[in-house]
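Reading through the structure tokens given below for one structure.
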Amino acid sequence: MRGLNPEQYAAATHTDGPLLVLAGAGTGKTRVLVHRIAHLVECRAEPWTVLAVTFTKKAADEMRHRLRGLLGSAADAMWIGTFHATCARLLRRWPERVGLTKHFAIFDDDDQMKLIGRLVKEAKIEEYVTPRTILTRIDRAKNRGVDPGKEEIGVYTDEHVALIYPKYQAQLEKENAVDFNDILLKTIKLADDEQVGARIRTMFRHVLVDEFQDTNKVQYDLVRRFADASRNLTVVGDDDQAIYGWRGANPRNLLDFDRDYPDAKVVKLEQNYRSTQVVLDAANAVISHNQDRRGKSLWTEAQGGDLIEQFVAGDERGEAYFIASGIRRMLDEGPYSPSDFAVLYRTNAQSRVLEEHMRACRVPAKVIGAVSFFERKEVKDVIAYLRLLANSASDSAFDRIVNVPARGIGEATVERLRAAARADGSSTMAAARAAVRGEVSGLGAGPRKKLAVFVDVMDGLASVVAAGASVAEIIIQVVERSGLRAKLEAEDTEESRDRLSNLAELVTTASDFDDERANGSGAAMFGAFHDEEVEPAPAMAIPQTAAPDGEPSEADVDGDGGAAALRAADQEPDAMVPATIDEFLERIALASVADQAAGTDFVTLMTVHIAKGLEYPVVYVAGLEDGLFPSLREREEQSQDAQLEEERRLAYVAFTRAKHRLTLTWARTRRVWGDIRFQMPSRFLDDVPPHCLAGGKLGSAVRAPIPSAAAPYGYDDPWQDVAAAPAYPARAPARSGGYANTAGATAPTPVHVRKPRTPAFSNSRDEFDQRSFDDHEPVFDVDADGAGAHRKGRMGAGFATGTRVSHAAFGVGRVLGNMGEGADQKTLVDFASVGTKTVLSRFLQAQS
DNA sequence: GTCGTCCCGGGTTCC
DNA sequence: CCGGGACGAC
């Protein structure tokens, strides 16, 4: 408890009952949470009765990591997880209570859109609504715990949603799947269940929730249930950082917490330990314009500080160049390393030009978010194979991959299968099998043969799974047997090589997962750094593994076994599908962009949303333009004012990420979807007090009204303003934006942005480092013709340099060298298809 | 049924 | 400006 200020101490050592911690940015919120948990474990509660809930896995990981510093391995005994991961685990424990089976799948946005798209088409209403609209409405209703089919908009219910939603939900049910909202909703149902509800509501004696301002109604309802018995509910948040209104978050949950819990102790944390006074003044000035806030003001002992730089560029490339070259210079001159910098922006679309200029200026940078790895087409395809393997009822997975890679099975065939499946209430996969046996009418010999090929592929893969292959091995086999590898290799384009290497990356991910699972318990899902077996304290009976007969004894997990009971959820063996596939799929579905490691050697480029909770010595906020930041799009569910207030909070979050230096930039013109927009400075720039700014006020007298149909750019005559701007014919990287307040903008040497032939930094993680698999024998020889047929007993010898070898995923290549020995021995191979890779030797076969 | 070309539209933000 | 869907040619 050392080093806490009085308020922090009061929060950390609060005894029992509800506690509300209103914590401003940079006030040591996480620190207090961690100390509070440590305090609880040391004096008030057994660790496994503590539940800490976060929004992102990264936040959970961070918390566990810090807790380990205080508590050691006891930190592993408690339950620290995201809302969704926690709930998913509860559902896996008692799936049948809410109409699921243990192997339920999680539908992501893509799956939802595809399904709704199909339903919209079938209902022939595609001229009236887009699937996106329907999905948004469904999500919005579910966020609020309302039945989407019955939600009233104005005085009437949305007929299209009312038509589609029941079909949508029915299909989910049929596929044994849930969407993100269902995960939470069904968990609430579980907590209200007469059989198991009481257990869930008494599982935890202390419940702590981080970023409470971001909870929506359903999440709040859920948390209240978790804390139902004990009332030991600690919520921590900052109403000024409520930036998820668009996904149903309700800051009133935080603001009115002491109305629901009148006996709640309230602690305010206002001393900021992160930023300089200058940065705080700017942030406070912006947020002070908001009406609807609980009101607290941050202060710091770090008086003064570097003034805030501002820069206005001619266009987005000038802006990007200014930022990239500025960082380059600081790296060259200063005591800075790349990880000291973050560039924040409002929308992902801004990332690209920034990334390009970073590259051109040889600044190692990484974009977080945008198209997440798991959203790549080829990755999703392989995942769909896994999903279909794990659950043959998954029509959505079937749809996705029957014909990927193309094997001549077209829409007409699939539609017949669908009809057949509908007729006898089975899945399309089952119908495909029936068709191969000739039991589906209307299918000729041709389609039948092609379906047989597909069914064979799936059966072959099933035997790989049944033989006990690890997830990484299964994925390698999927890539091979599906023909994906062959197809991508045949294409042999830059893109196809890229895709192959993404698949290799997927194998690496799976392999990490296998490792974790091999040496951890089910808790590996939650703990970030789960390197060792969870140590139960001697006196406690935490069932870490299933009893010999495979069933964890109910008596053991009953009562106070909170975290342990959850961990036990995945320990029950299943005849056909190992829980590992489910677990892997779940992890992927619940992975978030924020979880992508902000590398230690990179400048981080990300949206403001993702940056919440992070801090950097030097921060650039780009694109401070009216209409972009604040975004002024019309949205149906929020008033203009409410929206603007949220944007303001977003700016507040952005500014307060900076520890020492903050630079605000905007561009007078910006390309949006190909055409050039003329931009006005953000109104938030006006709010920054002049005394904080290097060079005084920005030339920002012109205020853009909210865009309208008559003035789509927000003002009447865009050209009028351009006349004042520097001539702008050649869209070359802008030198400076024209206005003079550009301290530090020394005239740069013109740099032509082009893709460098060799990247300045290499993403040098070995893309095909499969690392240690389980120590069992490789399983590739499950059938004679297995393309990955693996020769046993040839370990440790390695391959002579120059030997031609083949690999299930990468094809043929030439050996460059060996390293390591035994099962871990690796070989460096120059593959024809994907270039040089390090692979485990036992996955190679010598070519004669 | 596949593959190429053209056209249209893109929800900002995420678990 | 991109990518996905629609449509037409093999």
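Computed from heavy atoms alone, side chains included, the values below leave out hydrogens, waters and symmetry copies. In what follows, every chain begins at residue 1, and chains take the letters A, B, ... in the order their sequences are listed. This is a predicted model, so every value here is computed, not measured.
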| salt bridge (Lys or Arg N to Asp or Glu O under 4.0 Å) partners of residues 442-452 of chain A, not counting sequence neighbours, each pair once | none
| message | By the 4.0 Å heavy-atom rule, please label A:Ala412 as base, sugar-phosphate, or nothing. | response | sugar-phosphate
| Considering residues at least two apart in sequence or located in another chain, which fulfil the side chain to side chain contact (heavy atoms under 4.5 Å, CB included) criterion with A:Arg293? | A:Asp239, A:Asp240, A:Ile287, A:Asn290
| task | Using the test salt bridge (Lys or Arg N to Asp or Glu O under 4.0 Å), find all partners of A:Lys142 that sit at least two apart in sequence or belong to another chain. | result | A:Asp179, A:Asp182
| said: Assess, by modelled atom type and distance only, whether the side chains of A:Thr133 and A:Thr130 contain a donor and an acceptor separated by less than 3.5 Å. | reply: yes
| message | I'd like to know if A:Arg387 and A:Asp111 make a salt bridge, using a cut-off of under 4.0 Å between side-chain N and carboxylate O. | response | yes
| request: Please state whether the base of B:dT13 and the side chain of A:Arg346 form at least one donor-acceptor pair under 3.5 Å? | output: yes
Identify each atom pair where a protein N or O and an N or O of nucleotides 8-10 of chain B are less than 3.5 Å apart, giving names and distance.
{"from": "B:dG10", "atom 1": "N3", "to": "A:Trp673", "atom 2": "NE1", "distance (Å)": "3.4"}

| request: Could you please spell out the steps behind the side-chain hydrogen bond (donor to acceptor under 3.5 Å, both in side chains) verdict for A:Tyr168 and A:Gln112? | output: CA-CA 8 Å; A:Tyr168 165 80; A:Gln112 299 179 77; 3.1 Å; yes
| said: Taking only side-chain N and O atoms of A:Asn403, does any of them lie within less than 4.0 angstrom of OP1 or OP2 on B:dG1? | reply: no
| Contact class for A:Phe55 (heavy atom, under 4.0 Å): base, sugar-phosphate, or nothing? | sugar-phosphate
| query | Which of the following nucleotides, B:dG1, B:dT12, B:dG11, is nearest to the side chain of A:Thr413? | reply | B:dG1
| query | side chain to side chain contact (heavy atoms under 4.5 Å, CB included) with A:Asn216: which residues, sequence neighbours excluded? | reply | A:Asn143, A:Val218, A:Gln219
Sort me out a list of protein N/O and nucleotides 2-8 of chain C N/O pairs below 3.5 Å, or just none if empty.
{"from": "C:dC2", "atom 1": "OP1", "to": "A:Arg352", "atom 2": "NH2", "distance (Å)": "3.3"}

| field | Short side-chain N/O contact to B:dC14 OP1/OP2 from A:Thr607, under 4.0 Å | value | yes
| said: Does this structure show an ion pair linking A:Glu62 with A:Lys57, if we count only N-O contacts that are shorter than 4.0 Å? | reply: no
| Salt-bridge criterion met for A:Glu211 and A:Lys612 (N-O under 4.0 Å) | yes
| said: Need one value for A:Leu650: base, sugar-phosphate or nothing, where a base atom within 4.0 Å counts as base even if backbone is also close, heavy atoms only. | reply: nothing
| said: Should A:Tyr244 be counted as stacked on B:dT13, where stacking needs a ring-centre gap under 5.5 Å and an angle between planes under 30 degrees? | reply: no
